[in-house]
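Notes to accompany the following structure.
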2 protein chains.
Amino acid sequence: MRAQRPARRTPATDALSLDTKSRILDAAELLFMEHGFEATSLRQLTAAAGVNLAAVNYHFGSKEELFQAVLTRRLDPMNQERIDLLARYEREAGSKPLTCEKILSAMLIPALRLSRDEKRGGKHFLRVLGRAYADPAPFIRNFLSAQYAGMIARFKEAFLKALPHLTKQELTWRLHFVMGALSYTLAGTDSLKLMLQVITNDQDNDELLLQRLAPFLAAGLKAPLGDAKKLELVSGD
Amino acid sequence: MRAQRPARRTPATDALSLDTKSRILDAAELLFMEHGFEATSLRQLTAAAGVNLAAVNYHFGSKEELFQAVLTRRLDPMNQERIDLLARYEREAGSKPLTCEKILSAMLIPALRLSRDEKRGGKHFLRVLGRAYADPAPFIRNFLSAQYAGMIARFKEAFLKALPHLTKQELTWRLHFVMGALSYTLAGTDSLKLMLQVITNDQDNDELLLQRLAPFLAAGLKAPLGDAKKLELVSGD
DNA sequence: GCATGATTCAAACGGGCGTTTGAATCGTGC
DNA sequence: GCACGATTCAAACGCCCGTTTGAATCATGC
């Protein structure tokens, strides 16, 4: 029933006359960001893409598979870029262990590059991704853990060398916090900016943002092990 | 059309025979956590609560207003508890400024208390909340910024005193990161635990978690101001 | 220039959605 | 013990959903 892609291409003179598949992916990226997965209907999506309603099921199979395609289109290259950058840093450092900041850079820079690249969906995609992290739908959760498993394992190994005072378990938690702050920050809904009264007119916004995030995360990662007595559920007064 | 609450109460001998309103709120909290707002239908919700389909519209007006009621029921007391705890700490400290860790405790402890209180919805609510942070629906975003404005302003003021080396703007960003790591962590979907291969059998899970989160966040908040040259978008090799 | 398979299209399918309605029931104050 | 407002209930309303269908159109290889 599904087709192999034929060799046909529209002459690339008009940037708007892309593949049907690409037009669907672009419209989906935008609308999933604006309204979320559940609240975006295939009717408004195909209308925005200028394609027939049935095209999504024809090219992607289902709405869920379309969502996974939206994610994988950007996420696979970004995570590969992270791994490659980390490998390059390690090569350049020779036998010396990388600093925590350097490893963090290998995580943040590809995300920042993507966010600034309007031709690759820019910020739209990162918002969709940040929202997907919090989505309880099983097909999303399974997809994301599969997508991230390799990259996370690779970076955990690198951080372990850079932070020898941490146990494996402690590092796992701290990486969890890092991912939290990162996804929350990159997904950055406007309401939260409003909530914190951040002024965000600037276009180089994200660059400034990551320059602030990196020292924060590096300090957190390097923190000494906690006393396990700092937080007490004191009830009486 | 809407009614004032009458004095009627079922005899509290049976914990399951609550108000219709409370039963709806409890079922909504659970289902919104499991499936999200959009993916939860009023039919399954009212069936789970054991009430008539029309009861949601009768008691709350609409599905959206029900969602706000679910949030406000827990969030208002929790944020008030945070403010009160901070005030108590300040009183106890006299004229000395609070430490960063102490202020953080005032933020984290009420959340931890709530998360461990099964009678107040326990973890369910915090997941709903974490997910709401990432939701693009305007009615949710406006509601959340209104709910948080007072609490955040109060804590920002306290942190400013504890961290005199930070500018107001820098602190705003760091609080943004703190909220990100906190909400992501408390919302903690299982997929992310899976992704990071965290073993989470323990029931006192959340307590351990916050004991790890607090030193991480404190270190991040106390970090020296960044160089603004650490992150470079180097492209060539 | 026709056969073939890929793609597009309009239309319809069955079903679930949030909300409304108006009558039945309940609980209380008089 | 009755009147009245609060609450519950079954049923229906109108609408939009994701998906499927089968015919029309297109692009290509022979």
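Just so we're on the same page: letters track the sequence lines, and every chain starts at 1.
- For L42(B) and dA12(D), the CG to P distance is 20 Å, given to the nearest whole Å.
- Here the P atom of nucleotide dG16(C) and the CG atom of L53(B) are 14 Å apart, to the nearest Å.
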Please step through side chain to side chain donor-acceptor pair (under 3.5 Å) for the pair S62(A) and E65(A), ending with a clear verdict. CA-CA 5 Å; S62(A) 67; E65(A) 287 168 284; 3.0 Å; yes

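- Phosphate proximity of dT8(C) to T20(A): present, with a side-chain N or O under 4.0 Å from OP1 or OP2.
- The distance from atom NE2 of H35(A) to atom C1' of dC17(D) is 16 Å, rounded to the nearest whole Å.
- Taking each heavy atom of F177(B) and A181(A) in turn, the nearest pair found is O-CB, 3.9 Å.
- Straight-line distance from the CZ atom of F60(B) to the P atom of dT8(D): 11 Å, rounded to whole Å.
- Among the heavy atoms of the strands, none lies under 4.0 Å from T46(A).
- With dT19(C), dT7(D), dT8(C) as the candidates, the nucleotide lying closest to the side chain of N57(B) is dT19(C).
- Note on N52(A): a side-chain N or O is less than 4.0 Å away from OP1 or OP2 of dA10(C).
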Verdict with reasoning, D76(A) to Q80(A), per side chain to side chain donor-acceptor pair (under 3.5 Å): CA-CA 6 Å; D76(A) 275 349; Q80(A) 190 55 53; over 6 Å; no

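- Mapping Q44(A) and A54(A) onto DNA chain D by nearest heavy atom places Q44(A) closer to the 5' end of the strand.
- Between H176(B) and W173(B), the two ring planes are parallel [angle under 30°; tilted spans 30° to 60°].
- Atom P of nucleotide dT7(C) and atom NZ of K21(A) are separated by 9 Å, given to the nearest angstrom.
- R43(B) contributes no side-chain N or O that forms a donor-acceptor pair with the base of dG16(C) under 3.5 Å.
- Using a 4.0 Å cut-off, no side-chain N or O of S41(A) falls inside it from OP1 or OP2 of dC16(D).
- Across the protein-nucleic acid pair, L18(B) atom CG and dT8(D) atom C1' stand 17 Å apart, rounded to whole Å.
- Rounded to whole angstrom, the span from the CG atom of L31(A) across to the C1' atom of dC17(D) amounts to 16 Å.
- The CD1-C1' distance, from I24(A) to dT7(C), rounds to 11 Å in whole Å.
- Note: Y148(A) and Y133(A) have tilted aromatic rings, judged against thresholds of 30 and 60 degrees for the angle between ring planes.
- Within the 4.0 Å cut-off from OP1 or OP2 of dA6(D), not a single side-chain nitrogen or oxygen of H59(B) is found.
- The side chain of Y58(A) has dT7(C) as its nearest neighbour among dT19(D), dT7(C), dA10(C).
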